[in-house]
Amino acid sequence: MCGIVAYIGSRQAYPIVIKGLKRLEYRGYDSAGVALVHDGEMNLYKTKGKVVDLENVVLGNDTNSHLGMGHTRWATHGEPNDENAHPHLSQSGNLAVIHNGIIENYATIKEALINRGHHFLSDTDTEVLIHLIEDIQDHEKISIDEAVRLALNQVVGAYAIVILVKNEPAKLIAARKGSPLVVGIGEEKGEYFMASDASPIVEYTKNVIYLNDGEIAIVKDGELSVKTIDNVTKTPFIQKLEINLEEIEKGGYPHFMIKEIYEQPKSILDSIRGRLDSTSGRFAMKSIHEYEDKLRNVKRLILIGCGTSWHAALVGEYLFEEFTRIPVEVEYASEFRYRNPVIYPDDLVIAISQSGETADTLAAIELAKEKGATVFGVCNVVGSSIPRMSHAGAYTHAGPEIGVASTKAFTAQVSVLTLLSLAVAQIRGTISKDRLHLLMAELENIPHLVERALKTNDKVMEIAQLFKDSKNFLYLGRGFNFPVALEGALKLKEISYIHAEGYPAAEMKHGPIALIDEEMPVVVIAPKRGIYEKVMSNIQEVKARKGKIIAIVTEGDEKIKEMADHYIEVPDCDEALSPLVTTIPLQLLSYHIAVLRGCNVDQPRNLAKSVTVE
Ligand code: G6P
């Protein structure tokens, strides 16, 4: 949450910072600000609102600077307003900071600083940090670098910070603990970029360093150095970025979300490509082979995630139990970490995350590792914290996902979990050769089926038009499609602000049925394979109470088509793979309803894509 970007070099900093902030806006968008250093002056501009609002504030002012930084905020401490927007200044105004994360012990530090004569202009924890740094510098008569290091030793919490120093205009200081920070190394000497992720950097350089927790990066007189907060000098590891510019632009689509929905045939293909071969019956996944013994003997799987990733974990539960016969538990990372869970050294924890930075998932991994479990990460962002903390893992290769509501990351996660479950089943001998072969071949064909499911778009648009003003929605599914019902409801809530609930279809009669009347659209995910007859009964129960049925059915299923008020046909496939197909029209439905309601699809209110706070 919160996006940070900074630049030092021979180009104009302001356009680079603003463009970078627009790319990072998915991380938070309630207020924004920039600081630019020029001729020994520091110009600060900040405002409530989005980056475009910030541009209007800056308009006409002096933006000539080769050193600058900017921030787009998702409020934690202090409401979104001009004062609480970053950057924040130190007491003298010589230092400015931008921050992503939370300083947990800020209140105690603030009290001590107030007693020493400090005045604060905002309600944020961030302003306390920059005052603390200056206070230490003044008292100890030390360099700003050293003061930053000592201050970071006093704070508890998570941070990615960048600091500008007004009277040292050739210097940029950054540090991280728990929140991501990437340093880009420009092609010309002395040019550096710093950002929450690589998207603001990729058009200028492919050479980056991912800072590790507890590291401080300092650019001074054109040279970069890295040390730890314990004052140990580090040799930074330079990596090549794998993303390119087209992947992070809209490419002719009106929103990132719809672009990402349409990318799914490719993102699923990229996530499975080269990892299985149905003809030979072989899987090619390095981590599976390395951990073969562990996987053969593992007693229990614990799948953890948050939000949409948690829904992917639920699909994973059905997959792993069906194919591998290993008992599976699915946990919200946030609950798991705080409830003293029973974890054994022979458990395998699979941590699922698009961003690879979700604070609760990171903390849950730490806990699992402490208890001796093996951790396997299924993440999308290469080089992010979760893959680096995990013992092993598999990337999802969905490419950058920018729409805040997750779409292609979900289907990529489910694809990888399907692959993993089949590979583990093969190792453990819990699946017949024939069934394995069939499923592998069907998985290879899934990108084509998803392509066909996308052809429902026009029909979905018509349905969206009819139901765009509904106040509530119910989503029902069973078996493998129960998590799809949850995900469909979440998508609608997130971007259209319509109240929606997902339920296992049979549970409807234990509560939600009370809500059903002629005003209630009920989306039923009812592919032909699976618990089909029972779902038909559930449809009848809804109809008897005049609810409006929108059914997701297998192509050619005349029975449900007749019963439903509206239907959307998707191609047939094995029930275990059906979530990859049935989820497509639900994504489209939420997208079109949100657009028709005039909602900001890519940046829904109050949400952020990367949740780096608890
Ligand atoms: C936020 C996002 C969701 C995402 C969840 C977990 O809530 O808005 O789309 O599913 O975080 O994020 P992760 O990056 O761990 O998958």
Side-chain angles (χ1 to χ4, degrees), residues 4 6 8 33 35-37 40-44 46 67 69 71 76-78 83-179 181 194 211 213-221 223-234:
I4 65 181
I8 186 165
L36 302 164
V37 175
E41 287 301 315
M42 177 129 57
N43 293 327
L44 205 68
K46 40 193 215 169
L67 171 61
M69 65 183 186
H71 186 270
T76 58
H77 293 65
E83 291 73 37
N84 290 332
H86 299 211
H88 291 285
L89 294 176
S90 61
Q91 177 84 7
S92 72
N94 187 41
L95 310 177
V97 68
I98 49 176
H99 169 216
N100 166 28
I102 291 183
I103 306 300
E104 287 170 14
N105 56 342
Y106 82 102
T108 346
I109 300 174
K110 187 172 185 176
E111 209 184 308
L113 289 170
I114 288 172
N115 291 337
R116 290 213 285 279
H118 284 253
H119 298 285
F120 292 91
L121 306 175
S122 77
D123 306 320
T124 65
D125 50 336
T126 306
E127 192 185 10
V128 175
L129 175 61
I130 199 68
H131 276 242
L132 174 68
I133 292 170
E134 187 167 77
D135 192 72
I136 293 176
Q137 190 189 16
D138 289 350
H139 265 84
E140 307 287 326
K141 309 275 179 260
I142 49 177
S143 70
I144 171 69
D145 318 3
E146 190 55 7
V148 169
R149 194 181 71 75
L150 295 181
L152 293 180
N153 273 289
Q154 287 189 30
V155 300
V156 177
Y159 53 80
I161 52 167
V162 182
I163 293 170
L164 289 188
V165 192
K166 187 163 89 176
N167 62 15
E168 291 185 59
K171 186 177 264 187
L172 197 56
I173 305 172
R176 78 156 269 179
K177 185 182 159 217
S179 300
L181 195 65
M194 291 172 178
L211 276 200
D213 271 352
E215 286 183 350
I216 305 171
I218 301 164
V219 177
K220 192 178 167 188
D221 301 328
E223 295 293 336
L224 173 77
S225 61
V226 177
K227 63 179 175 185
T228 67
I229 62 169
D230 303 322
N231 215 8
V232 178
T233 304
K234 291 283 199 176

Do Ile216 and Asp145 have side chains that get closer than 4.5 Å, going by heavy atoms? no
Evaluate the criterion side-chain contact (heavy atoms from CB on, under 4.5 Å) for residue pair Asp123 and His77; output intermediate values, then yes/no. CA-CA 6 Å; Asp123 306 320; His77 293 65; 5.9 Å; no
Without swapping roles, check the side chain of Glu215 against the backbone of Val226 for a donor-acceptor pair under 3.5 Å. no
Quick one, Leu164 and Leu172 - any side-chain contact, counting heavy atoms below 4.5 Å? yes
Smallest heavy-atom separation, Gly101 atom then Thr76 atom, equals O-OG1, 4.4 Å
Hey, could you give me the CG/OG distance between Leu211 and Ser179, rounded to the nearest 0.5 Å? 12.0 Å
Count the heavy atoms of every other residue, nucleotide or ligand shown that sit under 6.0 Å from NZ of Lys234, and state whether that count exceeds 12. no
Just wondering, do Arg116 and His139 contact through their side chains at under 4.5 Å, heavy atoms? yes
Checking Asn84 side chain against Ser122 main chain: does a donor-acceptor pair fall under 3.5 Å? no
Side-chain contact, heavy-atom cut-off 4.5 Å: Ser225 with Lys220? no
Side chains of His86 and Thr126 in contact at under 4.5 Å (non-hydrogen atoms): yes
Is there a donor-acceptor contact under 3.5 Å from the side chain of Asp125 to the main chain of Ile103? yes
Non-hydrogen atoms of Ile133 and Ala151 that approach each other most closely: CG1-CB, 3.5 Å
Pair Val148, Ile218 - check side-chain contact (heavy atoms from CB on, under 4.5 Å), show working. CA-CA 11 Å; Val148 169; Ile218 301 164; over 6 Å; no
State whether the side chain of Gln91 and the backbone N or O of His118 hold a donor-acceptor pair below 3.5 Å, judged by distance alone. no
Evaluate whether atom CD of Glu111 has more than 12 neighbouring non-hydrogen atoms of other residues, nucleotides or ligands under 6.0 angstrom away. no
Beyond-backbone contact of Ile142 with Leu150, side-chain heavy atoms, under 4.5 angstrom: yes
Under 3.5 Å, is there a donor-acceptor pair between the side chain of Asn43 and the main chain of Leu36? no
Please round to the nearest 0.5 Å and tell me the distance separating atom CG of Leu132 and atom CD of Gln137. 11.5 Å
Expected output: side-chain Asn167 to main-chain Asn94 donor-acceptor under 3.5 Å: no
Which pair of non-hydrogen atoms, one from Glu134 and one from Ser90, has the smallest distance, and what is that distance? OE2-OG, 2.8 Å
Would you say Lys46's side chain and Glu83's backbone share a donor-acceptor pair under 3.5 angstrom? yes
Student check: side-chain heavy atoms of Ile4 and Met194 closer than 4.5 Å: no
Got a sec: does the NZ of Lys227 have more than 12 other heavy atoms crowding it under 6.0 Å? yes
From Leu152 atom CG to Asp230 atom CG, the distance as rounded to the nearest 0.5 Å: 11.0 Å
Of all heavy-atom pairs linking Val128 and Phe120, the shortest is CA-CE2, 3.7 Å
Identify the heavy atoms of Ile136 and Gln154 that sit nearest to each other, and give their distance. CD1-NE2, 3.6 Å
With a 4.5 Å heavy-atom cut-off, do Leu89 and Met42 have their side chains touching? yes
Mark yes or no for whether His71, through its side chain, and His99, through its backbone, hold a donor-acceptor pair below 3.5 Å. yes
So, taking the atom named CG in Leu129 and the one named OH in Tyr159, what distance separates them when rounded to the nearest 0.5 Å? 8.5 Å
Shortest non-hydrogen contact from Lys171 to Val165? CD-CG2, 4.3 Å
At what distance, to the nearest 0.5 angstrom, does CG of Asp138 lie from NE2 of His131? 11.5 Å
